[in-house]
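Reading through the C-alpha cells given below for one structure.
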There are 2 protein chains.
Amino acid sequence: MEEALAQDRMYQYLHQQFDMTEAEWSKYAAGMSVINVDAKFILQEAGQRVTKFYFLVEGLVRFYYVTPEGKELNKGFYAENNIVGSLSALIMNEDCRFYVETLEPCCLVELPYSRDAAMWANSSEWQLVFNRCCQFMLVRNERREAELLTLSTKQRFLQFVQNFPEYLERIPQYHIASYLGITPVALSKYKNQWLSEL
Amino acid sequence: MEEALAQDRMYQYLHQQFDMTEAEWSKYAAGMSVINVDAKFILQEAGQRVTKFYFLVEGLVRFYYVTPEGKELNKGFYAENNIVGSLSALIMNEDCRFYVETLEPCCLVELPYSRDAAMWANSSEWQLVFNRCCQFMLVRNERREAELLTLSTKQRFLQFVQNFPEYLERIPQYHIASYLGITPVALSKYKNQWLSEL
DNA sequence: CGGTCCTATTAAACTAGTTTAATGACAGCG
DNA sequence: CGCTGTCATTAAACTAGTTTAATAGGACCG
C-alpha cells in the first residue's frame with residue numbers, strides 16, 4: 001500500500017478514537033515508516049528487546065507464545081485498525097514474551113518507542129494515545145483471560161465463531177485450535193458437531 | 001486499622017511508586033474514606049456499576065467470575081499494597097464483570113472515580129496514578145492469560161506455589177483449585193505428588 | 001506429469017481431568 | 001457434651017481431551 005494512504009488511515013483512526021489533531025499528528029508523522037510485508041513475516045520475536053510497536057493498516061497478524069518444549073500457543077489474532085506489539089514489554093522495559101507474525105500480507109505503520117522520546121514524553125496528545133492504547137489492551141486481555149478461565153472448550157469455540165466469523169476462513173484451523181488451547185485433532189473431531197448446535 | 005495510619009500507608013505507596021507529592025496527595029485525601037471490613041465481605045458485585053476502586057492496605061481479597069450455571073472461578077488473589085477493583089469497567093464505562101470479596105479482614109482506602117471528577121480530570125499527578133495502575137493491571141492480566149494458555153495444570157500449580165508460597169496457608173484449597181481451573185477433587189488428588197517433585 | 005509439502009480428517013489407545021458420593025477432621029455453638 | 005457446617009480426602013465410573021499414526025486432498029514446483 002502507498003505510504004501516504006497508510007499514514008492517512010492511521011491518522012483517521014487516531015483522530016476518531018483519540019481526538020488527535022492534525023497539527024500534532026504531522027509533527028511526528030515523519031518519524032514513522034510504513035512497511036509492507038508478506039505473510040509469515042515475524043514482526044517481533046520473543047526474548048528480544050522491544051523498541052517499537054505498530055499500527056496495522058491492512059492484513060492479519062497473530063501473537064503467539066512458544067513453550068520451552070517448542071509448542072506454539074496463539075495468544076490472539078488482530079486485523080486492520082489495531083495496535084500491534086507488546087505494550088507490556090515497553091511498560092516493564094523488558095524483553096518481549098511472545099512472537100508477532102503476519103498471517104496475510106500486511107501494511108503497517110511503525111511507531112518507534114522510547115521512554116524519553118519527545119513524542120511520548122512531551123506531547124500530551126501522544127501520551128493520551130499511548131495511555132488509551134494501554135487501556136484498550138487491558139480490556140482486551142481481561143476478556144481473553146475471562147474466556148480461558150470461565151468457558152469450556154466448546155463455549156470458547158462458539159464464542160470465537162460469533163465474535164470473528166470471518167476468521168474461520170482467513171485462519172488455518174490448526175491456528176484456531178491453538179488459540180482455543182486444544183490440538184487440531186480435537187478441533188477437527190468436534191467442530192461440525194459444535195457448529196450444528198447453533 | 002486507624003484511618004490516619006491507613007492513609008499514610010497509601011501515601012507511602014503512591015509516593016514510592018509514582019512520585020506522588022505530599023501537596024497533591026493532601027489535596028484529595030479528604031475525599032477518600034478508610035473502611036475496615038470482615039472476611040467474606042463483598043466489595044464489588046458483577047453486574048453492578050463501578051463508581052470507585054480501592055487501595056488495599058491490609059488483608060487479602062479474591063476476584064471471581066460466576067458462570068450462568070452458578071460456578072465460581074477465581075480470577076486472582078491480591079494482598080496488601082495493591083489496587084483492587086475493575087479498572088476495565090471504569091475505562092469502558094460498563095458494569096463490572098466479576099466479584100471482589102475479602103478473604104481476610106481487610107483495611108481499604110476507597111477511591112471514588114468518575115471520568116470528570118476534578119481529581120482525575122485536572123490533576124496530572126492523579127492522572128499519572130490512574131494510568132500507571134492501568135499499566136500494572138495490563139501486565140498482571142497478560143501474565144495470567146499466558147499462564148492459562150501455555151501452562152499445564154501441574155505447571156500452573158507449581159508456578160502458583162513458587163510465586164505465592166504463603167497463599168497456600170492463607171487461602172482455602174478449593175479456592176486455589178478454582179484459580180487453577182480445576183475441581184478441588186483433582187487438586188487434592190495430585191497436590192502431594194506435584195509438590196514432591198520440587 | 002509426478003513428487004513433495006502442507007493441512008485436515010479419522011481412528012485407536014491412552015491420560016488427565018470430571019462428577020458423584022461417602023468419609024473423616026475440625027471448629028463453632030447450643 | 002453432641003450437633004451442625006465447612007473443608008479436605010478418597011474412590012469409582014465416566015468424559016473430554018491427548019498422542020500417535022495412517023490417509024487423503026490440494027497447492028505448488030520441477
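Letters A, B, ... mirror the listed sequences (proteins, then strands); counts begin at 1. Computed from heavy atoms alone, side chains included, the values below leave out hydrogens, waters and symmetry copies.
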Expressed in angstrom and rounded to an integer, what is the separation of A/E72 atom CD from C/dC6 atom P?
-> 13 Å
Looking only at side-chain atoms of A/A186, point me to the closest of D/dT18, C/dT7, C/dT18.
-> D/dT18
With five pairs defining each end axis, the helix from C/dC1-D/dG30 to C/dG30-D/dC1 comes out bent, to 10°, by 20°
Taking ring pair (Phe, Tyr, Trp, His ring centres under 6.0 Å) as the test, write out the residues that go with B/F98, two or more places apart.
-> B/F63, B/Y65
Do A/F157 and A/Y190 have their ring centres less than 6.0 Å from each other?
-> no
Would you say the ring centroid of A/Y13 lies under 6.0 angstrom from that of A/F55?
-> yes
Taking atom P of C/dG17 as reference, at what distance in whole Å does atom NZ of B/K189 sit?
-> 9 Å
Validation: residues 191-198 of chain A side-chain donor-acceptor distances under 3.5 Å, sequence neighbours left out:
from   : atom 1 : to     : atom 2 : distance (Å)
A/K191 : NZ     : A/Q173 : OE1    : 3.0
A/S196 : OG     : A/N192 : O      : 3.4
A/S196 : OG     : A/Q193 : O      : 2.8
A/E197 : OE1    : A/K154 : NZ     : 2.6

What one-letter contact string describes nucleotides 20-29 of chain D from 5' to 3', where B marks a base within less than 4.0 Å of any protein heavy atom, S marks contact via sugar-phosphate atoms alone, and - marks no contact?
-> B---------
With B/R97 via side chain to side chain donor-acceptor pair (under 3.5 Å) - residues at least two apart | B/E94
B/W194 CH2 to C/dT15 P: how many Å, rounded?
-> 16 Å
Every protein N/O within reach of nucleotides 22-27 of chain C N/O, cut-off under 3.5 Å:
none

Spacing between B/F157 atom CZ and C/dG17 atom P, to the nearest angstrom = 12 Å
Give, for atom CG of A/N36 and atom OG1 of A/T102, the distance between the pair rounded to the nearest 0.5 Å.
-> 11.0 Å
Verify the ring-centre separation between A/Y179 and A/F160: is it less than 6.0 angstrom?
-> yes
Has A/K191 got a side-chain N or O lying under 4.0 Å from the OP1 or OP2 atom of C/dT9?
-> yes
Identify, residue by residue, the members of residues 170-178 of chain B with a heavy atom below 4.0 Å from DNA chain D, and return them in order of residue number, or none.
-> B/P172, B/Q173, B/Y174
Please report, rounded to the nearest Å, how far the P atom of C/dA8 is from the CD atom of A/E169.
-> 12 Å
Look at the side chain of A/R115 and the backbone N and O of A/I91, then say whether any donor-acceptor pair between them is shorter than 3.5 Å.
-> yes
Exercise: identify the closest heavy-atom pair between A/F53 and A/G85 | CB-CA, 4.3 Å
Nucleotide D/dT9, atom C1' - distance to OH of B/Y190 in whole Å = 14 Å
Using atom CG of A/L187 as one end and atom P of C/dT9 as the other, report the distance to the nearest whole Å.
-> 8 Å
All side chain to side chain contact (heavy atoms under 4.5 Å, CB included) counterparts of B/E24, not counting sequence neighbours | B/M20, B/T21, B/K27, B/Y28, B/S123, B/E125, B/W126
B/Y64: which other cluster members, linking ILVMFWY side chains closer than 4.5 Å, directly or transitively?
-> B/I42, B/V66, B/Y99
A/S188 side-chain proximity, nearest of D/dT10, C/dT10, C/dT18 = C/dT10
Extract all donor-acceptor atom pairs below 3.5 Å that involve side chains of residues 145-152 of chain B and protein atoms in other chains or at least two apart in sequence.
from   : atom 1 : to     : atom 2 : distance (Å)
B/E145 : OE1    : A/K75  : NZ     : 2.7
B/E147 : OE2    : B/Q159 : NE2    : 3.3
B/T150 : OG1    : B/A146 : O      : 2.7
B/S152 : OG     : B/Q155 : N      : 3.2
B/S152 : OG     : B/Q155 : OE1    : 3.3

Taking ring pair (Phe, Tyr, Trp, His ring centres under 6.0 Å) as the test, write out the residues that go with B/Y174, two or more places apart.
-> none
Between C/dT15 atom P and B/I182 atom CD1, what is the distance in whole Å?
-> 19 Å
Could you tell me whether the phosphate oxygens of D/dA16, OP1 or OP2, come under 4.0 Å of any side-chain nitrogen or oxygen in A/T153?
-> no
Would you say B/T183 reaches C/dT19's phosphate, i.e. side-chain N/O to OP1/OP2 under 4.0 Å?
-> no
Salt bridge (charged side-chain N to carboxylate O under 4.0 Å, His left out): pairs with one or both residues in residues 38-52 of chain B, sequence neighbours excluded | B/R49-B/D95, B/K52-B/E110
